[in-house]
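Contents: one structure, followed by commentary.
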Amino acid sequence: MKQVLYLIFAVSLLTTIPLQAQDSKQAQTLLEQAQKALFSNPKQASYYAAQAAALFPEDEPNETRAQAMILYCQAEQLLGNFDLSIKNLYDTQRYINPANKRQTAQLYSLMGRVYSKLGDYNKGIELNDKATSIFKSLGDSASVAGCYNERGVMHYLLDEFLVAERFLQRALTINRAQRNLKEIATNLNNLCLYQGDTEKKLSFIQEAIAINKNLDAQWSLGENYNNMGKQYYFGEQYSKALEALQKAYEYAHNIGAKELICDYYEYSSWVYAAIGDYDQAYKRLSQMYALSKELQSSNKLRNIEQEISYKRYQDQKYATEMQEQTYKIELLKRNLWLLGSILVLGLAFSIFLYKWYKRRKGLQLIEARYQLELSQREISELKLHQQELELQNVQSALDNSQQEVTSFAVFLRSRNELLGKIREMIKEGYRMDNQALVPHLKKVNAFISQYQSGDKTNNTLLLSVEEKNKEFIEKLVKQHPNLTQGEKYLATLLRVNLSTKEISMITGSTPKTINMNRYRLRKSLNLSTEEDLTTYLQSV
């Protein structure tokens with residue numbers, strides 16, 4: 001067996017069998033026919049649904065196939081084939097996409113109904129609750145009403161009539177609000193399953209019959225007449241009860257609905273016992289017992305569940321065997337791939353080793369060239385650094401020279417001013433007489449002696465000038481940080497009130513160049529034409 005499975009799996013890996021495109025239109029047509037015939041002819045509906053399901057593959061999820069299977073199981077349930085229905089419902093689970101919550105809820109709802117028919121009410125209620133919860137999350141009130149209706153029937157079978165009444169009334173309220181005639185008829189029928197206000201319940205049945213006749217729902221009509229017979233029995237109208245039950249039997253017999261026939265036997269036995277015809281009552285009870293034993297045998301559900309468990313075990317066993325074969329094939333493929341990879345890697349390594357050796361030689365040569373370039377670069381950087389240091393020294397010497405020239409120019413300026421004053425005093429002496437001239441000359445002599453303080457005084461003056469220039473430059477740069485070095489130097493000369501000619505002599509530039517530099521300095525200082533440059537510089 002394992003060898004056969006291995007061969008099948010190996011062939012499936014070597015060849016690809018394309019799946020033929022399914023005729024979706026044909027499947028939809030069959031599903032519409034099955035839905036239409038569901039309550040009028042369940043056998044026909046079962047056939048159509050089975051044909052639709054056969055159009056799709058069995059080994060992969062498919063929503064259309066799942067819908068066909070659900071309709072098929074619903075038809076078989078109406079026919080009373082509960083064992084067949086529940087087995088196929090479990091098979092349907094593998095065709096439903098987990099993301100399709102609506103189909104999952106439909107499956108739970110139908111499974112709950114079948115479990116309750118088989119007598120496992122706890123399981124039925126559990127599945128019904130799951131379906132109700134999903135339908136509520138989807139906002140599908142019509143399906144929620146359907147779940148309430150099924151829940152009401154379950155509580156009726158448990159003889160919990162008040163609870164059943166509450167669920168059935170809630171379902172009826174929703175369906176009337178949505179004008180869902182088929183479900184309204186179903187709710188009205190189920191409200192007549194137990195004893196109550198006979199006249200009111202008979203009116204419910206009449207309304208349900210009118211709806212179902214209009215819809216040609218044969219199965220529902222059989223159920224309606226069964227419940228009508230039951231209500232006539234509760235109202236002690238036995239002849240009408242037998243008449244209604246006979247109609248129920250005809251509808252059930254025509255469509256092969258075993259559950260409805262079983263109900264007919266039970267209700268008619270009540271009526272015959274009530275009118276004293278015990279032979280007929282016993283006969284109907286015997287028929288009901290035989291048929292109900294077939295429908296609701298306690299061993300049947302257990303056998304069905306055992307069959308389902310065994311089938312799951314077989315499926316799991318098959319899946320495990322297939323997984324083992326897959327693992328062996330994957331292991332073989334991996335080993336082949338590994339061997340090929342080793343050979344390729346060996347060849348690649350050999351090529352790499354040869355190229356590596358060749359490249360290593362090339363890299364050594366490149367490294368040597370690189371080291372040589374580095375050495376040359378270091379030498380160039382050292383030369384450049386030396387040039388920068390020399391340039392800084394020259395610049396420093398130039399700055400010192402400029403500062404000394406400026407200081408000396410200031411000194412000369414002050415000496416020129418002194419000589420000018422002495423000259424004026426001498427001119428005054430020309431106009432004096434001999435008697436006043438001597439004291440005047442003494443005064444001139446004293447004036448000259450006052451300013452002759454020797455080298456020490458001159459040096460002090462020069463140092464004072466340098467410090468004042470330094471302080472002036474710092475203030476000027478703080479107010480005008482973008483001034484060039486030449487503009488700073490020119491500002492220093494102008495501040496001491498040197499003329500253009502004097503500045504020209506000090507700097508070695510032409511008067512025209514000095515005037516142009518004065519113009520640029522004014523722009524850099526943002527001075528208007530009305531402001532005097534020298535006055536501004538002396539105010540800084």
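Any value given below was found using the heavy atoms of this structure, including those in side chains, with hydrogens, waters and symmetry copies removed.
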After noting the C-alpha distance and the side-chain angles of K182 and N180, does the key distance pass the side chain to side chain contact (heavy atoms under 4.5 Å, CB included) rule?
CA-CA 6 Å; K182 180 66 189 69; N180 189 338; 4.1 Å; yes
When you look at T484 and R520, which way does the side chain to side chain contact (heavy atoms under 4.5 Å, CB included) test go after all the steps?
CA-CA 11 Å; T484 64; R520 290 175 180 168; over 6 Å; no
The test is side chain to side chain contact (heavy atoms under 4.5 Å, CB included); show your working for I125 and L158 and say whether it passes.
CA-CA 11 Å; I125 290 174; L158 289 168; 4.1 Å; yes
Walk me through it: do L525 and L483 pass the test side chain to side chain contact (heavy atoms under 4.5 Å, CB included)?
CA-CA 8 Å; L525 297 175; L483 293 177; 4.2 Å; yes
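Across all non-hydrogen atoms, the minimal contact from N97 to T104 is O-OG1, 4.5 Å. Taking both residues in full, the closest heavy atoms of A52 and L30 are given as N-CD1, 3.7 Å, listed atom of the first, atom of the second, then distance. Residues M154 and N128 approach most closely at CE-CB, 4.0 Å, considering heavy atoms. Taking both residues in full, the closest heavy atoms of R151 and D129 are given as NH1-OD1, 2.6 Å, listed atom of the first, atom of the second, then distance. For the pair L527 and E531, the tightest heavy-atom approach, listed with the atom from each and the gap, is CA-OE1, 3.6 Å. The nearest pair of heavy atoms linking P511 to T500 is O-CG2, 3.8 Å.
Judged by the 6.0 Å distance and 45° axis criteria, R102 is not positioned over the aromatic ring of F135.
Salt-bridge formation is detected for the pair K475/E471: a Lys NZ or Arg NE/NH1/NH2 atom is positioned less than 4.0 Å from an Asp or Glu carboxylate oxygen. Under 4.0 Å is where a charged nitrogen must lie from a carboxylate oxygen, and between R377 and E381 at least one such pair does.
When atom types are taken as modelled, the side chain of N175 and the backbone of A171 share a donor-acceptor pair closer than 3.5 angstrom. Under the 3.5 Å distance criterion, the side-chain polar atoms of R495 are left unmatched by any main-chain donor or acceptor of T534. The backbone N or O of F56 lies less than 3.5 Å from a partner atom in the side chain of R65, making a donor-acceptor pair. Remark: side-chain polar atoms of Q538 are not paired, donor with acceptor, to backbone N or O of T535 under 3.5 angstrom.
Once rounded to the nearest 0.5 Å, the distance linking CG of N190 with CG of N149 reads 4.5 Å. Atoms CZ and SG, on R113 and C147 in that order, are 9.0 Å from each other to the nearest 0.5 Å. Atoms CG and OG1, on L71 and T92 in that order, are 10.5 Å from each other to the nearest 0.5 Å.
For L384, the CG atom sits in a packed shell: over 12 heavy atoms of surrounding residues, nucleotides or ligands are nearer than 6.0 Å. Within 6.0 Å of NZ in K488 there are more than 12 heavy atoms belonging to other residues, nucleotides or ligands.
Side-chain N/O atoms of E367 and Q371 include a donor and acceptor closer than 3.5 Å. One side chain, S141 or Q178, offers a donor N or O that lies under 3.5 Å from an acceptor on the other. In summary, the side chains of Q67 and E63 do not present any donor paired with an acceptor at a separation below 3.5 Å, with no hydrogens or angles considered.
Ring pair Y148/F167 is tilted by interplanar angle, where 30° to 60° counts as tilted.
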